[in-house]
Amino acid sequence: MKSFISVAVFALSSLALLSEAHISFRYPCPRRGPYSECPQPKDNEWNLVDYDVQSPLGTSNSISNPICKHPSSFAGIRPTFQAGQTVATKMDVDVNHRGGTCQWALSYDNGKTWVVIQDQFRDCLANAPASSTYTVNVKIPANAPSGTAILNWIWNNNEGNRELYSSCADVVIQGTNGGSLSGVAPVFANYGPGSPFIPEAAVSGGNWGKQYFDARKPITVTVPAQKIKRQTAPIY
């Protein structure tokens with residue numbers, strides 16, 4: 001009976017999601033994502049599954065959720081990416097809003113600080129078909145330090161309500177043992193009163209917020225080296 005109820009709740013929640021859905025990560029898995037290939041909840045965690053994972057986190061007028069929405073994911077294996085690797089990320093697309101501006105960022109401190117590792121201005125996801133899984137290649141910097149991290153996709157849409165989308169995936173980076181990663185801090189535009197405002201670029205003469213992205217602040221994140229246990233030969 002419990003299994004039947006869980007499946008029924010999943011189906012009804014998924015239908016509700018389709019009526020409001022937009023875009024999110026599908027791979028790597030977003031935190032508490034509803035996808036079957038993602039880490040699954042325990043029996044007492046089904047109410048924590050995010051069936052609204054594709055929806056925006058806020059608008060220019062209000063904030064509905066934190067940047068990563070959830071403080072953690074369900075227990076499971078994180079995908080491991082090598083420094084310098086190009087990752088074929090998968091986006092679960094409902095509506096593409098005629099594209100927008102994307103930033104991809106890494107955090108090694110559970111979302112306290114971010115460093116942008118890739119941008120696509122103005123036309124990001126503009127060619128993504130509706131109701132599709134769309135591939136976007138994202139390159140992990142060659143000098144990225146090793147450690148557990150969050151890969152975040154941040155998107156300001158061109159058309160429709162002035163919204164901010166963000167999708168956080170827990171990953172493992174294999175690179176140098178200790179080191180720093182430098183870049184710029186991301187812009188979180190259209191994310192509540194006082195945030196940078198980007199108008200509806202598709203109908204406003206092309207103003208996509210260039211001035212805000214040009215003014216992003218430099219940032220360096222440092223990851224301490226981890227002690228590596230060395231095995232010693234047994235003494236006979």
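Below, all heavy atoms of this structure are taken into account, side chains as well, without hydrogens, waters or symmetry copies. A quick note: this is a predicted structure, and the numbers were derived from the prediction, not measured.
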Separation of Ile150 CD1 from Ser72 OG (nearest 0.5 Å): 10.0 Å
If I compare all heavy atoms of Ser195 with all of Gly192, which pair ends up nearest, and what's the gap? OG-O, 2.7 Å
State whether a side-chain donor-acceptor pair under 3.5 Å links Thr220 with Ser180. no
If two hydrophobic side chains count as joined below 4.5 Å and joins carry through other members, does Ile67 share a cluster with Val138? no
Taking Gly175's backbone N and O only, do any of them form a donor-acceptor pair with Gln82's side chain (distance below 3.5 Å, no angle check)? no
Check ion pair Glu45-Arg32 (N to O, under 4.0 angstrom): no
Side chains of Trp155 and His97, heavy atoms from C-beta outward: is any pair under 4.5 Å? yes
State, yes or no, whether a side-chain contact exists between Ile23 and Val95 at a heavy-atom distance under 4.5 Å. no
Give, for atom CG of Asn96 and atom CE of Met91, the distance between the pair rounded to the nearest 0.5 Å. 12.0 Å
Please, which pairs that meet salt bridge (Lys or Arg N to Asp or Glu O under 4.0 Å) have at least one residue in residues 164-177, sequence neighbours excluded? Arg31-Asp170, Arg78-Asp170
Please name all residues satisfying side-chain contact (heavy atoms from CB on, under 4.5 Å) with Ser167, sequence neighbours left out, ordered by chain then number. Ser24, Phe25, Pro30, Trp153
Would you name the heavy atoms of Val116 and Ala185 that are closest together and state the gap between them? CG2-C, 4.0 Å
What I'd like to find out is whether the side chain of Pro66 reaches to under 4.5 Å of the side chain of Leu57, using heavy atoms alone. no
Do Pro39 and Cys29 come within less than 4.5 Å of each other through their side chains, counting heavy atoms only? yes
Distance col, row Arg26:CZ vs Thr135:OG1, nearest 0.5 angstrom, shows 12.0 Å
Assigning hydrophobic clusters by single linkage (Ile, Leu, Val, Met, Phe, Trp, Tyr; side-chain heavy-atom cutoff under 4.5 Å), is Val221 placed with Val184? no
Sub-4.5 Å side-chain heavy-atom contact between Leu106 and Leu181: yes
Checking side-chain polar atoms at under 3.5 Å, does Asn190 have a donor or acceptor matched by the opposite partner on Thr59? no
If I compare all heavy atoms of Thr89 with all of Pro28, which pair ends up nearest, and what's the gap? CG2-CD, 4.1 Å
Parallel under 30°, tilted from 30 to 60°, perpendicular over 60°: which one fits the rings of Phe81 and Tyr27? perpendicular
Decide whether Tyr35 and Asp92 meet the rule of one side-chain donor and one side-chain acceptor closer than 3.5 Å. yes
So Asp94 and Ser131, do their side chains get closer than 4.5 Å, heavy atoms only? yes
Measuring from Cys38:SG to Phe74:CZ, what's the distance to the nearest 0.5 Å? 10.0 Å
Polar side chain donor-acceptor pair, Lys69 to Ser166, under 3.5 angstrom: no
Interatomic distance, CG@Asn158 vs CD@Glu200, rounded to 0.5 Å, equals 8.5 Å
Verify same cluster id: Val53, Ile63 (apolar side-chain graph, 4.5 Å): no
Test Leu164 against every option in Ile154, Val187, Ile198 by the side-chain contact (heavy atoms from CB on, under 4.5 Å) rule and name the one that passes. Ile154
Asp52 (side chain) donor-acceptor with Gln54 (main chain) under 3.5 angstrom: no
Check for me, please, whether Phe188 and Ile219 land in the same ILVMFWY cluster - side-chain distances under 4.5 Å, paths through other members count. no
Going from CH2 on Trp114 to CH2 on Trp104, what distance comes out if it is rounded to the nearest 0.5 angstrom? 14.5 Å
Is it the case that the side chain of Thr148 and the backbone of Val172 share a donor-acceptor pair, with hydrogens and angles ignored and the cut-off at 3.5 Å? no
Which salt bridge (Lys or Arg N to Asp or Glu O under 4.0 Å) pairs, counting each pair once, include a residue from residues 103-127, with sequence neighbours left out? Asp119-Arg216
Common cluster, Phe213/Leu125, ILVMFWY with side-chain heavy-atom separation under 4.5 Å: no
Does some side-chain heavy atom of Asn177 sit less than 4.5 Å from a side-chain heavy atom of Gln226? yes
Residue pair Pro145 / Ile173, side-chain heavy-atom distance below 4.5 Å: no
Could you pull out the closest heavy-atom pair between Ala144 and Ala83, with the gap in Å? O-CB, 3.8 Å
Hey, which of Asn156, Asn157, Asn61 is the one that makes side-chain contact (heavy atoms from CB on, under 4.5 Å) with Arg162? Asn157
Could you check whether the rings of Tyr165 and His22 sit parallel, tilted or perpendicular, using 30° and 60° as the cut-offs? perpendicular
